[in-house]
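Below is one structure; the comments refer to it alone.
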Amino acid sequence: MKATIARILAVVAVAAVVVAVAVAWRGTSSEGNRAGDPGTLLKPTVPPEVEAQQLANTPKGKLLPLRDGEHRMTLTMPESYTPSAPYGTGTDDYRCFLLDPHVDQDVWLTGSNVLPGNPNVVHHVILFKIPPDSVAEAEAKDKAAAGEGWTCFGGTGLSGEFGSLEDANWLAAWAPGGDENKTSDGYGVKLEAGSRIVMQVHYNLLKGAAPDTSSTQLRWMPGSTDLTPLHTFLLPAPVELPCRPDHSDGPLCDRDAAAIDVHKRFGSAGDTNTFLHILCGTEIVPSETTSCTRPISRGMTVIGAAGHMHLLGRKITIDTNPGTDRAKTLLRIPIWDFDNQGAKPIDPVHLDAGDTVRVTCQHQQWLRDKLPAFATQRQDRYVMWAEGSTDEMCLGLLQVAYDDGS
């Protein structure tokens with residue numbers, strides 16, 4: 001059981017796809033959105049045409065002014081990398097690159113930005129912190145893989161990287177159109193002396209493969225600065241979206257066949273679709289709406305909330321203590337916008353150990369009829385949790401400070 005849960009933790013990490021750890025990034029305008037303006041897609045019977053957005057046309061994010069005592073460092077991939085489908089099929093490549101911030105004393109990381117070397121292929125970027133006791137393993141993994149970096153669907157692939165969904169080891173995430181993000185005043189993520197950074201880049205191959213050399217910019221303050229530690233609490237839920245009744249003759253409308261297809265494209269990381277039911281205590285039931293309710297193990301204050309789905313996502317909510325007189329909604333997105341997934345600052349909400357948090361998602365197959373990303377995948381298939389842009393996820397994220405200060 002412990003091994004199964006650990007596997008879930010490792011794979012779920014990739015879903016931070018476009019969520020900044022600290023503050024919402026500003027999305028692109030509706031004219032350039034990859035999914036079009038969600039407000040115009042209200043009636044499934046007559047949705048309008050949607051123009052495709054090319055990543056290369058997305059404006060570069062803006063840098064924000066530095067605060068007193070804050071600095072920036074820039075870390076760049078040692079060599080260029082040309083992406084490819086690691087298992088010989090699919091249009092996605094997740095590659096991890098080991099970066100050295102050269103910190104000889106503890107520091108606080110207080111924000112980040114990404115400079116994509118080749119916007120035609122860089123779909124999104126996640127930054128992970130690698131503590132000193134894991135550096136040797138990361139260096140060995142980097143050395144063992146051919147070419148720059150290593151394949152890393154579902155996380156960095158390092159042992160024990162996710163000890164808990166309540167404290168993910170990522171630092172930040174970036175997507176095209178995102179400005180530099182920064183933590184709320186008074187908060188930071190501790191980076192110990194001797195640590196490294198892994199930059200996980202999701203490459204999308206729909207426009208073909210081409211070399212990339214990307215960089216990240218990190219905002220930091222000395223470790224002696226009086227800041228409150230910030231953590232990321234993950235709330236994944238299964239996705240079990242069946243084919244529409246009048247579109248159910250496709251070979252991948254069978255769940256078992258769809259699961260085999262996902263495994264072929266993503267290896268063991270493709271098995272999360274089943275493991276999530278163990279985490280959530282749910283049954284495999286085809287439905288447009290899925291959810292997961294989890295208890296809180298220790299007191300915490302929530303200062304931000306975010307949701308993550310892909311292009312077939314329609315609605316997402318995060319609620320605390322559902323079904324009780326203490327129920328509260330932390331996040332409600334009635335019409336999902338794929339191009340605006342940043343964390344939303346909220347009025348602080350305190351939760352005690354034993355309280356519950358639920359994430360609920362709705363996905364709809366009719367969106368594949370109109371969105372440009374499905375131009376070669378119009379035929380329905382059974383959709384479950386997986387890493388590809390045209391697969392799906394259901395994930396809630398909370399930015400929290402724990403009562404014990406850890």
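In what follows, residues are counted from 1 in the order of the sequence shown.
With respect to Arg244 and Asp369, a salt bridge is recorded, a charged nitrogen being found less than 4.0 Å from a carboxylate O. A salt bridge between Asp100 and Arg196 is present, with a side-chain N of the basic residue lying under 4.0 Å from a carboxylate O of the acidic one. Using a 4.0 Å cut-off between charged side-chain N and carboxylate O, Asp391 and Arg265 make a salt bridge. In this structure, Asp355 pairs ionically with Arg326, as a charged nitrogen and a carboxylate oxygen lie closer than 4.0 Å. The pair Arg67-Asp185 counts as a salt bridge, with a side-chain nitrogen and a carboxylate oxygen less than 4.0 angstrom apart. The pair Glu180-Arg72 meets the salt-bridge criterion, since a charged nitrogen lies less than 4.0 angstrom from a carboxylate oxygen. Between Lys182 and Glu70 no salt bridge is recorded (no basic side-chain N to carboxylate O distance below 4.0 Å).
What you find for Trp108 and Gly223 is that their closest heavy atoms are NE1-O, 3.3 Å. Trp150 approaches Val198 most closely through the heavy-atom pair CH2-CG2, 4.0 Å. Minimum heavy-atom separation, Ser112 to Leu218: CB-CD2, 3.9 Å. The shortest heavy-atom contact between Leu66 and Arg219 is CA-NH2, 3.6 Å. The two residues Ala237 and Cys292 have their closest heavy-atom pair at CB-CB, 3.6 Å. The shortest heavy-atom contact between Asp212 and Met77 is O-CE, 3.3 Å.
Taking 4.5 Å as the limit, every side-chain heavy atom of Ser215 sits out of range of all side-chain heavy atoms of Leu75. Contact of the Phe97 side chain with the Val201 side chain is registered, since non-hydrogen atoms from C-beta on lie closer than 4.5 Å. Side-chain contact check for Val103 versus Met73: some heavy-atom pair is nearer than 4.5 Å. Using a 4.5 Å cut-off on side-chain heavy atoms (C-beta onward), Leu227 and Met221 make contact. The shortest distance between side-chain heavy atoms of Ile346 and Ile303 does not fall below 4.5 Å. Using a 4.5 Å heavy-atom threshold, the side chains of Gln379 and Cys243 count as separate. Taking 4.5 Å as the limit, some side-chain heavy atom of Gln217 sits within range of a side-chain heavy atom of Leu63. A 4.5 Å side-chain heavy-atom check between Asp92 and Asn204 finds at least one atom pair inside the cut-off.
Without hydrogens or angle criteria, Gln377 side chain to Thr390 main chain gives no donor-acceptor distance under 3.5 Å. In this structure a side-chain-to-backbone donor-acceptor pair under 3.5 Å is present from Thr216 to Asn113. Between the side chain of Gln200 and the backbone N or O of Thr156 there is no donor-acceptor pair closer than 3.5 Å. Between the side chain of Asp254 and the backbone N or O of Ala257 there is at least one donor-acceptor pair closer than 3.5 Å. Looking at Arg378, its side chain does come within 3.5 Å of a backbone N or O of Arg368 through a donor-acceptor pair. Of the possible donor and acceptor atoms, none in the side chain of Trp336 sits under 3.5 Å from a partner among the backbone N and O of His308. A donor-acceptor pair under 3.5 Å is formed between the side chain of Asn118 and the backbone N or O of Pro211. Counting only distance, with no hydrogens or angles, the side chain of Ser214 and the backbone of Gly117 share a donor-acceptor pair below 3.5 Å.
A distance of 8.5 Å separates CZ in Phe233 from CG in Leu351, rounded to the nearest 0.5 Å. With rounding to the nearest 0.5 angstrom, the CD atom of Glu392 is 3.5 Å from the NE2 atom of His363. Note that the CH2 atom of Trp385 and the NE2 atom of His277 stand 11.5 Å from one another [nearest 0.5 Å]. In this structure, the separation between OG on Ser291 and CG on Leu235 is 11.0 Å, given to the nearest 0.5 Å. Considering OG1 of Thr293 and CG of Asn321, their distance stands at 10.5 Å, rounded to 0.5 Å. Taking CG from Asn181 and CG from Leu64, the interatomic distance works out to 8.0 Å, rounded to the nearest 0.5 Å.
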Start with the C-alpha distance between Tyr94 and His123, add both sets of side-chain angles, then the distance that settles ring-ring contact (aromatic ring centres under 6.0 Å, His included), and finish with yes or no.
CA-CA 10 Å; Tyr94 282 64; His123 181 274; 8.2 Å; no
Side chain to side chain contact (heavy atoms under 4.5 Å, CB included), that's the test. Do Leu331 and Thr317 meet it? Break it down for me.
CA-CA 5 Å; Leu331 180 75; Thr317 58; over 6 Å; no
Can Asp319 and Leu330 be said to form a side chain to side chain contact (heavy atoms under 4.5 Å, CB included), step by step?
CA-CA 6 Å; Asp319 300 296; Leu330 301 182; over 6 Å; no
Under the criterion side chain to side chain contact (heavy atoms under 4.5 Å, CB included), I'd like the reasoning laid out for Leu398 against Met300: C-alpha separation, chi angles, the key distance, then a yes or no.
CA-CA 10 Å; Leu398 302 179; Met300 65 186 191; 4.2 Å; yes
List the steps, then state whether side chain to side chain contact (heavy atoms under 4.5 Å, CB included) holds for Ile316 with Cys361.
CA-CA 4 Å; Ile316 185 168; Cys361 296; 3.6 Å; yes
Evaluate the criterion side-chain hydrogen bond (donor to acceptor under 3.5 Å, both in side chains) for residue pair Glu148 and Ser80; output intermediate values, then yes/no.
CA-CA 7 Å; Glu148 187 65 24; Ser80 67; over 6 Å; no
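Residues Thr301 and His350 bring no donor and acceptor atom of their side chains to less than 3.5 Å of each other. Checked by atom type, the side-chain pair Glu240/Ser287 shows no donor-acceptor distance below 3.5 Å.
The aromatic rings of Tyr203 and Tyr81 sit tilted relative to each other, their planes meeting at an angle between 30° and 60°.
For the pair Arg298 and Tyr402, the cation-pi test (distance below 6.0 Å, angle within 45°) is passed.
The environment of NZ in Lys190 is crowded: more than 12 heavy-atom neighbours from other residues, nucleotides or ligands sit within 6.0 Å.
Partner of Leu241 under the side-chain contact (heavy atoms from CB on, under 4.5 Å) criterion, out of Arg381, Gln362, Glu288: Glu288 alone.
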